[in-house]
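Each remark here refers to the structure printed beneath this line.
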Amino acid sequence: MYTQAMDIPGQHQAAVSVNLSPEEAKFEARIEADGRIEPQDWMPEAYRKTLVRQISQHAHSEIVGMLPEGNWISRAPSLKRKAILIAKVQDEGGHGLYLYSAAETLGTSRDEMIDALHSGKAKYSSIFNYPTLNWADVGVIGWLVDGAAIMNQIPLCRCSYGPYSRAMVRVCKEESFHQRQGYEALLVMMRGTEEQKQMVQDAVNRWWWKCLAMFGPPDADSPHSAQAMKWGIKRISNDELRQKFVDATVPQAKVLGVTLPDPNLKWNEERQHYDFGQIDWQEFWNTVQGNGPCNKERLATRVKAHNDGRWVREAAMAYAHKQAQRAHKEAA
Ligand code: FAQ
């Protein structure tokens, strides 16, 4: 459903090569030439830290993101919808694994990242702190949340850090399927009863503004953007991606037959974009800081799942240890 031009003219400014060590100069030249930085390459500590922050938060978002939809697996309206939903939620878990693995290549351990999530030190996407109240929420998450995630992640396929960019290619392919399944589920409901149509509209009303906030604070209030853009980690700014998402979604809403809950949403001939209303940034920051409607419940569920799974991890480690010992004995 989405395609985006990948070449962004003027993205890289000429490197300022005064007083750079040979390794810094090599790094800067690689970024300048739009090459990839790989785990074994030298990189500035701040670049490494930025990537660990972003990739681990992204991984946390994927696994916490399993919870709102997972809530509906046992109540899906048909066997077909249940099978699709199980597959989708499982995919999100897989995305978390690719991303934790990508972050591990930067010298951070899985345990450190999980501890940061569980202690509330690391963030995860604001969007997963809202409840899924009816079945239409599942469709709307696919259409709008996965839709926003794809819009944000397609440029990350060209991120300057190799393992992250490669993980993103696969993630985007799967998210694209997620987005279509959500849209199709909603199309079916919109051809159904009046009550079903109202469920879809209600879900769209509750999720629309939260999805616009997913792209992060406005560029002017985004502390990390400028440097992340210079390093080729971020390719398109928060505000530009948000605008692209609005422009792509308005025609989809028309086909679906739902109204996006924004009286200020209208086509601007001069800008060749849709204008839209004000996002409630206070509500966004309140949620990011841990005070959204489901933050506490989400974290408690993750911590419990981690603790309940301890015996599985221990058994897997013991088995791997035994296998390694056997291989060692055979080789001797
Ligand atoms: N929620 O300076 P910026 C998905 C934080 S995956 C919470 O603009 P940056 C799949 C930000 O971390 C969704 N916090 O930061 C799925 C920073 O805080 P810090 C996740 C947010 O990093 C679908 C501070 O605000 N996707 O949905 C949010 O340059 C369906 C200042 O912000 C990714 O993680 C937010 N929405 O840009 C799964 C994509 N926005 O770290 C299940 C990768 C901002 O200083 C079901 N990440 N913050 O404490 C990114 O592209 C970037 O990190 C941004 C933020 C764009 C999210």
Side-chain angles (χ1 to χ4, degrees), residues 57-78 81-97 99 114 117-118 120 122-153 171 174-186 189 196 199-216 245 249 258 261 280 283-284 286-306 308-309:
Q57 292 186 2
H58 192 168
H60 301 328
S61 304
E62 299 281 356
I63 57 160
V64 176
M66 297 167 77
L67 301 175
E69 287 169 287
N71 183 33
W72 279 89
I73 290 174
S74 60
R75 290 176 286 159
S78 69
R81 294 290 171 203
K82 192 189 193 85
I84 293 171
L85 187 57
I86 290 173
K88 180 192 189 288
V89 171
Q90 203 167 303
D91 280 356
E92 308 298 1
H95 297 172
L97 294 183
L99 288 161
I114 299 288
L117 171 67
H118 291 177
K123 294 192 168 71
Y124 59 86
S125 184
S126 50
I127 196 75
F128 301 119
N129 291 306
Y130 299 99
T132 38
L133 301 181
N134 74 50
W135 172 252
D137 289 41
V138 171
V140 167
I141 289 180
W143 174 38
L144 296 180
V145 176
D146 283 281
I150 299 168
M151 195 53 90
N152 165 269
Q153 287 169 185
V171 169
E174 293 176 357
E175 300 287 29
S176 179
F177 158 75
H178 296 168
Q179 200 246 359
R180 285 157 197 241
Q181 70 79 33
Y183 194 69
E184 191 269 341
L186 296 178
M189 288 184 83
Q196 285 174 306
M199 281 165 72
V200 176
Q201 184 62 58
D202 169 59
V204 169
N205 293 349
R206 282 181 288 108
W207 290 92
W208 174 248
W209 289 104
K210 322 288 185 223
C211 288
L212 295 193
M214 265 178 87
F215 292 93
F245 176 70
T249 308
V258 293
D280 184 348
E283 200 264 348
F284 167 79
N286 190 44
T287 302
V288 170
Q289 280 151 17
N291 305 313
C294 300
N295 295 59
K296 289 180 184 60
E297 180 190 327
R298 298 287 185 243
L299 262 195
T301 308
R302 280 308 320 159
V303 170
K304 181 175 183 312
H306 190 71
D308 289 352

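This one's a predicted model, so the numbers in the text were calculated from it and none came from an experiment.
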Any side-chain heavy-atom pair from [X] and [Y] closer than 4.5 angstrom?
| X | Y | value |
| --- | --- | --- |
| M214 | N152 | no |
| Q179 | V145 | no |
| V258 | W208 | no |
| L144 | F245 | yes |

Passes side chain to side chain contact (heavy atoms under 4.5 Å, CB included), R302 versus L67? Steps please.
CA-CA 9 Å; R302 280 308 320 159; L67 301 175; 4.3 Å; yes
Pair L212, W209 - check side chain to side chain contact (heavy atoms under 4.5 Å, CB included), show working.
CA-CA 5 Å; L212 295 193; W209 289 104; 4.0 Å; yes
Give the minimum heavy-atom separation between [X] and [Y], together with the two atoms involved.
| X | Y | answer |
| --- | --- | --- |
| Y124 | V64 | CE1-CG1, 3.6 Å |
| V140 | A203 | CG2-CB, 3.7 Å |
| C294 | P131 | SG-N, 3.6 Å |
| H60 | K123 | CD2-O, 3.7 Å |
| S125 | S61 | N-OG, 2.9 Å |
| D280 | E283 | OD1-N, 3.1 Å |

State whether the side chain of [X] and the backbone N or O of [Y] hold a donor-acceptor pair below 3.5 Å, judged by distance alone.
| X | Y | result |
| --- | --- | --- |
| K210 | F128 | no |
| W72 | T132 | yes |
| W135 | M199 | no |
| N129 | V288 | no |
| R298 | Y130 | yes |

One pair to check against side chain to side chain contact (heavy atoms under 4.5 Å, CB included): L117 and V303. What are the steps and the verdict?
CA-CA 9 Å; L117 171 67; V303 170; over 6 Å; no
Sequence-distant partners of W207, side-chain hydrogen bond (donor to acceptor under 3.5 Å, both in side chains), two or more places apart
D137
Across all chains, not counting sequence neighbours, the side-chain hydrogen bond (donor to acceptor under 3.5 Å, both in side chains) partners of E62 are H58, H95
Rounded to the nearest 0.5 Å, what separation is found between the [atom1] atom of [X] and the [atom2] atom of [Y]?
| X | Y | atom1 | atom2 | result |
| --- | --- | --- | --- | --- |
| L85 | S78 | CG | OG | 10.5 Å |
| I150 | E174 | CD1 | CD | 11.5 Å |
| N295 | N286 | CG | CG | 8.5 Å |

Which residue pairs satisfy the salt bridge (charged side-chain N to carboxylate O under 4.0 Å, His left out) criterion with at least one member in residues 81-94, sequence neighbours excluded?
E69-K88, R81-E184, K88-E92, K88-D146
When the ring planes of H306 and H118 are compared, do they come out parallel, tilted or perpendicular, using 30° and 60° as the limits?
perpendicular
Q181 side chain to H178 side chain, donor-acceptor N/O pair below 3.5 angstrom
no
